[in-house]
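Treat the numbers as computed from the prediction; the structure is a model and nothing was measured. We use all heavy atoms of the structure for the numbers below, so side chains are in, but hydrogens, waters and symmetry mates are not.
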Amino acid sequence: MAEAIVSFVVGKLGDLIIKEVGQLGGVKSQVKQVQTELMNIKCYLASADSKQRKGDAESAQVENWLNQLRDVAYRIEDAIDIFYVELEGNHLQVENTHNRKKYRCYYLFGKLKNLRRKFMKVPGLHKLGIELADIQKELEDIFVSKDKYGLTPLLDQAGRGSEPVNDEHVLSKRRPAYQDVDETEIVGLDADRDNILKLLLSSEKTPRRAVITIVGTGGLGKTTLAQMVYKRVKAYFEYHTIFSVSQQYNLNDLLAKILGEVVDLIKRLEVADPEKKKVLELISKYDGFELKKQDRAFFISKIKILLSGIRYLIILDDVWDVKLWDRMQYALPDNKNGSRVLMTSRSIDVARLADPETKPYELVFLNDKESCDLLLKKARYYKNPIEVESSSDDLLELANKLSKKCKGLPLALIVLGGILSTRQQTYHDWKKVLDTMDWHQEGGDCMNVLAMSYEDMPYYLKSCFIYLASFPEDYQISARNLIYMWVAEGFIPEQGKKTLEETAEIFLEQLYERSMVQVSSRYSNGSIKSFRVHDLLHDLAMHEARKVNFVTIFQKLPQGSHPDRVTRRASIQADKSVHDCSEFIKYIGSNTRSLLLFDQRLGDSISVIDFRLLRVLEIEGDAHDFELRGLDGLIHLKYLGIRNSGLKLPNDFRWDRLKNLETLIGAMEEREGLWSIRTLRHVILNYVYFVGPPAGADLRNLQTLQWISSSCLKAWHKKNQLPLLNNLRKFGLLITDEIESVEWEMVGCLLATLPYLLSLKISNDEQFKIPKEIVYPRGLPNYQNLEILYLGGPWPDNVTVEASLFPPHLIKLNLSNSQFAVDPMPELGKLKSLKKLRLGREVYAGGKEMICPAGFPALQSLFLYCHIENFTVMEGVMPKLKHLDYSGIKLNLPPELEHLKRY
């Protein structure tokens, strides 16, 4: 881990030299000397890391040597960041105390401001110079002391000392867009799967609501088994869902999610039951914030009414609390129709108390043969193109020895297989893994294997992995947002012509290939959309993060006074018993770089005024409006995400004070200056009504922009500012007012010329049609690189639906409220690359039946939520379809797709 920190600081020193060239004065040579000193020490870190893991007396001394180096690296980082903060603070004071209106000549004002800035820099440079001189002396002592421990320079050690690799093959091996449990990769669970299926589908034998619990130790495959059976049986239940509970859960939140899903189901089914309708009317009066505030009795009574008569399957994964079922059972009526609840738990008591009439289903460890088979599968042994040459008896014998070390625990085997998959399939390379593993005792255990998987990572992955400790256990992590956070933290190095986000995506795929994360879903192009971390691997990330003071987790309010410690990153994960999470703020050190709040009660305000070095700020909580005080002083802030809450900004706030901001996500108030931030990369807001960029604005870094109103787009077009968006990858447009046909035609042509545009979303506010000029004749067909298209609104008049009107390489298509007069399926079937199709409400207004006569050669996922009665697929159509979701529709499917029906 020290290597990752040192590499980051070396890069930061280089940036300081480049950005402030000619203005550092005598400090410049000190900066270069410190950078050189760190680079010299870096050559010895792989050797130190190897000695540290031996577990002998010398390893403790080496660990102390690494800790000293890490602390010095942190001091360097702090010194540079504080230098910039104080410089910017002095600059703002000058601007605030001198009103521009006093100057008749703006040119003179500019000259005076620049002169003052140079003078203001002098004290900061002096302070930086004193700090660097002290740091340099400490680094020299550290470098000399390396000889006491026999450290040697290792410049090219595979994995640890190497630079980030250009892993194009990782992206080329992306999984299908629909992420499901790949049963070909699973060993030893077939019989368990079949047994659980019988218990879930035995409605005639056991019509009562039964609770089945899969019990076993961590890493045994309980979640995998639950997902396997869920995939196979969900079509037999009207309502089905799966929730991850974990040790820290909030029952009201769980019930609120179930209620929301059941409400959507009842609406789709158009149920006529007057009692259910009454509940729907009541719930429609609440907004999301008010609904969350209701008590448990409210949720239980409403869910019970809505689920009455419904056959349901609810899976509760990773249950720890024996009282959970006792508290929520009253919401789930016994309809005597074969409804089921499936739980997974490590505790046999959870199972016995939940349903005394159903015997707990206990998983067992894999036998030796199953263990070796699973290890070889995860090591990609059977997929090696030179299998015949490499598959020697010696190699298989070695695999058997390695698998026995894992004692039949699937998670350990999977992670160990991930390590082997990064090696050449030779006896020498696999023997090296066996010899370098620190088993501590004969047979080892799971945590030893997991710890080795972390130590085996190249240094550039270690920061990325232990950053996952910042998220709560079993949290569904958005890959997109995590990648933006990694970039903001500076974990991602420049690599050729790739964007930082593309490199970060490769890093995430590498973690997946090493089995360190479990993918939940993928985008239509195959990239990871969301994932979770197994709780044992999450424990590992937290353990490693604590060792190097990487992140501090706050779950309960600390007792006593403010702790005298450094907090590099802070994650607040308190339960709802804490009524105002701002109470935690006083316990967080001022030098924190990331502040993440998960599902918190926010109160009226949060102050971040003391966190001058903050780079990442993520706030997830329930509050209509809350004030974020001190935001405009965060000049290092690169990522700002506000979820499930409304951010209230001071009246005098300007966005351009956040001069390094890269990512802005959530619901934000409009203020001036946003488009003056040259570093902006991603703007993802509920609706963007911000005025257009000022003259001379530089938006070449902007990759994501959604949603922007058509009135805003119109203003941009009139100022000829749309060409500034040349680097856009994702664009979302909300049509809010009328725009003349000629203007739409120009907008359509300009959007079609954006060379990197991959995703286009166009929606309306129920009044306006999709502009004809966007679709035809010079619109959609010219989007040569577009992969994702969402059109929410009536199809333009006098334009016939034809496959030729859609982008040629479209992978995902989402249509809603299109009101097609003619069945669109025959033409949509001609889209050869289409993998995912979603048809929302009122897509088809020409009848009650839609027919797919041919085509859809690549379609994998189909979602039907349109108001029709019959949907027919002819034989041979949709040969690759794996996932089908629908509501209130009679399906006529060919024999090869019958298994996708609900029963």
Side-chain angles (χ1 to χ4, degrees), residues 1-42 68-92 117-118 120-140 142 463 486-494 500 548-550 566-569 589-595 608 610-617 633-639 657-662 678-679:
M1 188 59 205
E3 189 167 3
I5 298 169
V6 169
S7 297
F8 172 74
V9 173
V10 167
K12 192 143 193 160
L13 288 164
D15 290 341
L16 177 64
I17 294 171
I18 293 171
K19 287 179 182 178
E20 302 294 333
V21 64
Q23 300 185 48
L24 287 174
V27 176
K28 182 178 179 180
S29 61
Q30 288 180 283
V31 173
K32 285 187 173 181
Q33 287 171 0
V34 169
Q35 185 184 37
T36 301
E37 211 58 68
L38 276 176
M39 291 173 70
N40 290 336
I41 294 174
K42 183 182 172 184
Q68 288 178 352
L69 178 61
R70 182 200 69 217
D71 291 343
V72 173
Y74 281 155
R75 277 184 63 194
I76 298 169
E77 183 187 10
D78 289 347
I80 295 171
D81 287 347
I82 290 171
F83 167 71
Y84 279 121
V85 166
E86 293 181 348
L87 178 63
E88 188 64 25
N90 290 331
H91 171 54
L92 286 175
R117 187 178 178 87
K118 289 181 180 180
M120 290 295 184
K121 186 176 288 187
V122 172
L125 284 174
H126 179 68
K127 186 176 179 180
L128 178 62
I130 293 174
E131 181 73 0
L132 289 179
D134 188 46
I135 287 171
Q136 185 178 348
K137 185 179 183 303
E138 195 165 349
L139 282 175
E140 289 171 355
I142 290 174
S463 296
W486 281 351
V487 170
E489 282 277 8
F491 298 157
I492 311 302
E494 296 276 359
L500 295 175
V548 295
N549 194 24
F550 191 84
V566 175
T567 310
R568 302 306 295 187
R569 293 166 188 85
S590 61
N591 60 337
T592 189
R593 295 320 201 272
S594 283
L595 176 58
V608 292
D610 292 328
F611 307 133
R612 303 181 300 164
L613 310 183
L614 207 62
R615 289 193 287 254
V616 173
L617 178 57
L634 307 181
I635 69 159
H636 288 292
L637 192 68
K638 295 187 175 184
Y639 175 102
R657 290 174 184 169
L658 306 179
K659 58 189 299 181
N660 291 299
L661 190 67
E662 296 174 349
R678 295 190 174 189
T679 53

**Request:** Check side chain to side chain donor-acceptor pair (under 3.5 Å) between Asp71 and all other residues, then give those that pass, not counting sequence neighbours.
**Result:** none
**Non-neighbouring partners of Gln33 that pass side chain to side chain donor-acceptor pair (under 3.5 Å), sequence neighbours left out** = Gln136
Nearest heavy-atom neighbours spanning [X] and [Y]:
X	Y	result
Asn549	Tyr74	O-OH, 4.2 Å
Leu500	Pro493	CD2-O, 3.7 Å
Phe550	Arg568	O-CB, 3.8 Å
Ala79	Glu131	CB-CG, 3.8 Å
Leu132	Val34	O-CG2, 4.0 Å

Atom pair [atom1]/[atom2] of [X] and [Y] - distance to nearest 0.5 Å:
X	Y	atom1	atom2	result
Met39	Thr36	CE	OG1	7.0 Å
Leu613	Ser594	CG	OG	11.5 Å
Ile142	Asn40	CD1	CG	13.0 Å
Glu37	Lys42	CD	NZ	15.0 Å
Arg657	Leu634	CZ	CG	12.0 Å
Leu637	Leu617	CG	CG	6.0 Å

**Request:** Can you spot which of Ile135, Leu69, Val72 makes a side chain to side chain contact (heavy atoms under 4.5 Å, CB included) with Leu38?
**Result:** Leu69
**Message:** Applying the side chain to side chain contact (heavy atoms under 4.5 Å, CB included) criterion to Arg615, which one of Leu595, Asn660, Thr592, Asp81 satisfies it?
**Reply:** Asp81
**Message:** Side chains of Lys638 and Thr679, heavy atoms from C-beta outward: is any pair under 4.5 Å?
**Reply:** no
**Prompt:** Do Ile82 and Arg612 come close enough that some side-chain heavy atom pair is under 4.5 Å?
**Reply:** yes
**Message:** Less than 4.0 angstrom from a charged side-chain N to a carboxylate O is my criterion; do Asp78 and Arg593 meet it?
**Reply:** yes
**Prompt:** Is the CD atom of Glu494 crowded by more than 12 outside heavy atoms at less than 6.0 Å?
**Reply:** no
